[in-house]
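Quick notes on the structure that follows.
Only a predicted model underlies this, so the values are computations on that prediction, with no experimental measurement involved. FYI, side chains are in, hydrogens and waters are out, and symmetry mates aren't considered; it's all heavy atoms of this structure. Atoms within a ligand are numbered from 1 in the order they appear, just like the ligands themselves.
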Amino acid sequence: MGTAMSMKTRTIGNRTVSAIGLGGMPMSIEGRPDRDRSLATIHASLDAGVTLIDTADAYHLHADEVGHNESLIAEALQSWGGDASQVLVATKGGHLRPGDGSWTIDSSPKHLREACEASLKRLGVDAIGLYQLHRPDVSGVPYEESVGAIGQLLDEGKIQMAGISNANPEQIRLAQKVLGGRLVSVQNQYSPSYRSSEPELRLCDEMGIAFLPWSPLGGISKAGELGSTFAPFQEVADAHGVSPQQVTLAWMLATSPVVIPIPGSSRPETARDSAAAVELELTADELQRLSTTG
Ligand SMILES: NC(=O)c1ccc[n+]([C@@H]2O[C@H](COP(=O)([O-])OP(=O)(O)OC[C@H]3O[C@@H](n4cnc5c(N)ncnc54)[C@H](OP(=O)(O)O)[C@@H]3O)[C@@H](O)[C@H]2O)c1
């Protein structure tokens with residue numbers, strides 16, 4: 001199926017994955033498409049050679065549909081004609097959506113354990129490929145306790161690899177210590193409009209840990225305006241005859257070999273366009289120009 005053989009790859013822990021992943025969030029929260037379009041989007045991405053899909057139990061809209069996005073991904077993988085065993089599904093625990101549009105946090109060990117058990121069932125696997133602590137707790141649960149709970153899930157074989165999200169450099173170092181060197185990924189916000197995660201990106205590069213930029217195109221509502229907001233990205237895109245979104249992803253890949261962007265999609269067209277960014281080679285001059293834009 002597709003062009004999986006030619007897809008450029010990167011590494012998360014001991015797994016080889018496509019250099020660009022698929023973010024599942026737009027298919028399950030406000031503004032989401034219907035189920036058929038979501039399944040077509042995931043299949044388009046897989047057909048293009050994508051072998052990393054990012055999700056979370058909290059990617060849902062109504063209170064009674066926790067894990068909406070995980071269930072969609074499980075269904076899409078089951079109905080896909082290719083080899084789904086090569087696909088790494090990265091999910092997260094620690095966020096909740098009570099159904100009023102808000103996002104709340106519970107990163108207590110008790111909640112993380114329950115959340116992981118529920119994600120295992122929805123994904124229909126014996127062990128989750130990559131489980132990420134979605135966000136540090138704000139209600140007094142020490143960070144080392146949240147990360148410690150993830151470490152226990154690793155020890156028990158309920159998850160194969162452990163990652164963290166929305167972490168600062170101090171938390172990255174702490175998580176690596178608590179996990180005894182088994183931290184494989186950090187997922188932070190990073191895009192032309194949001195550069196403040198550069199210290200975390202550099203630290204991951206030094207530590208040899210995968211860095212997964214979230215909202216790499218500026219987020220669901222802003223992604224379409226990327227070219228008009230950041231003229232150099234549009235100009236480089238015009239020079240190559242591609243989209244400014246593709247240029248953004250190619251530029252990001254060039255910043256470090258540990259970077260694996262996870263652009264979200266709710267349409268097959270955008271999923272294919274983003275996956276094709278692995279083939280786009282930018283010149284040193286172009287990269288320099290883009291690095292100073294934003
Ligand atoms: N860890 C966290 O706290 C956290 C927070 C936010 C997001 N995330 C993860 O990061 C992923 C990505 O972030 P995001 O979805 O918020 O924002 P994003 O990737 O910056 O933008 C997503 C939007 O970009 C559009 N798009 C994608 N590729 C495109 C292309 N090649 N050309 C034109 N438009 C394109 C899509 O449009 P269409 O809808 O039209 O396809 C989609 O709605 C999420 O899906 C989620 O998995 C994690």
Side-chain angles (χ1 to χ4, degrees), residues 20-34 37-38 40-42 44-45 48 50 52-60 68-70 72-73 88-97 103-105 107 130-138 163-168 171 185-194 197 200 210-230 233-234 237 240 242-253 259-280 294:
I20 289 185
L22 169 68
M25 194 171 79
M27 292 179 274
S28 291
I29 67 165
E30 290 80 351
R32 66 191 181 190
D34 65 24
R37 197 174 105 197
S38 290
T41 302
I42 301 166
S45 195
V50 167
L52 169 67
I53 305 182
D54 182 73
T55 182
D57 59 352
Y59 294 165
H60 65 94
H68 178 275
N69 197 247
E70 292 177 324
L72 262 181
I73 290 163
L88 178 64
V89 177
T91 192
K92 317 182 195 77
H95 254 311
L96 297 118
R97 299 207 76 194
W103 298 75
T104 57
I105 303 174
S107 299
L130 171 60
Y131 198 66
Q132 305 156 100
L133 175 60
H134 208 147
R135 204 173 272 278
D137 203 278
V138 284
I164 55 176
S165 181
N166 300 301
N168 63 31
Q171 289 164 332
S185 65
V186 173
Q187 181 178 144
N188 275 12
Q189 184 171 11
Y190 186 61
S191 68
S193 57
Y194 194 95
S197 276
E200 288 86 20
F211 182 87
L212 279 48
W214 66 253
S215 291
L217 305 174
I220 297 173
S221 60
K222 295 272 168 62
E225 303 158 17
L226 209 156
S228 50
T229 311
F230 300 103
F233 284 84
Q234 185 63 57
H240 288 266
V242 298
S243 69
Q245 290 80 9
Q246 220 182 79
V247 169
T248 302
L249 298 170
W251 158 75
M252 226 170 242
L253 285 174
V259 168
I260 308 173
I262 45 166
S265 268
S266 71
R267 291 182 292 132
E269 295 80 357
T270 55
R272 276 192 285 269
D273 190 65
S274 290
V278 298
E279 300 298 337
L280 180 61

Practice task
Mind running side chain to side chain contact (heavy atoms under 4.5 Å, CB included) on Leu280 and His240 for me, showing each step along the way?
Solution key: CA-CA 9 Å; Leu280 180 61; His240 288 266; 3.7 Å; yes

Practice task
Look up atom CD in Gln187 and atom OG in Ser215, then write down how far apart they are to the nearest 0.5 Å.
Solution key: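 One finds 9.0 Å between CD of Gln187 and OG of Ser215.
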
Handout entry: Inter-residue atom distance Trp103.CH2 - His95.NE2, 0.5 Å rounding
Key =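 If I round to the nearest 0.5 Å, the distance is 6.5 Å.
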
Exercise for the section: Check the pair Leu130, Ser185 against side chain to side chain contact (heavy atoms under 4.5 Å, CB included), reporting the backbone distance first and the verdict last. Expected result: CA-CA 9 Å; Leu130 171 60; Ser185 65; 3.6 Å; yes

Practice task
Take the angle between the ring planes of Phe211 and Tyr190 and call it parallel below 30°, perpendicular above 60°, tilted in between.
Solution key: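 The arrangement is perpendicular - the two ring planes meet at more than 60°.
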
Problem - Protein residues that have a heavy atom under 4.0 Å from any atom of ligand 1, sorted by chain and number - result: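 Answer by chain and number: Gly23, Gly24, Met25, Pro26, Asp54, Tyr59, Lys92, His134, Arg135, Ser165, Asn166, Gln187, Trp214, Ser215, Pro216, Leu217, Gly218, Gly219, Ile220, Ala223, Gln245, Ile262, Pro263, Gly264, Ser265, Ser266, Arg267, Thr270, Asp273, Ser274.
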
Exercise for the section: List for me each residue that meets salt bridge (charged side-chain N to carboxylate O under 4.0 Å, His left out) alongside Arg32, sequence neighbours excluded, and say none if there are none. Expected result: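 Listed in chain order: Glu65.
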
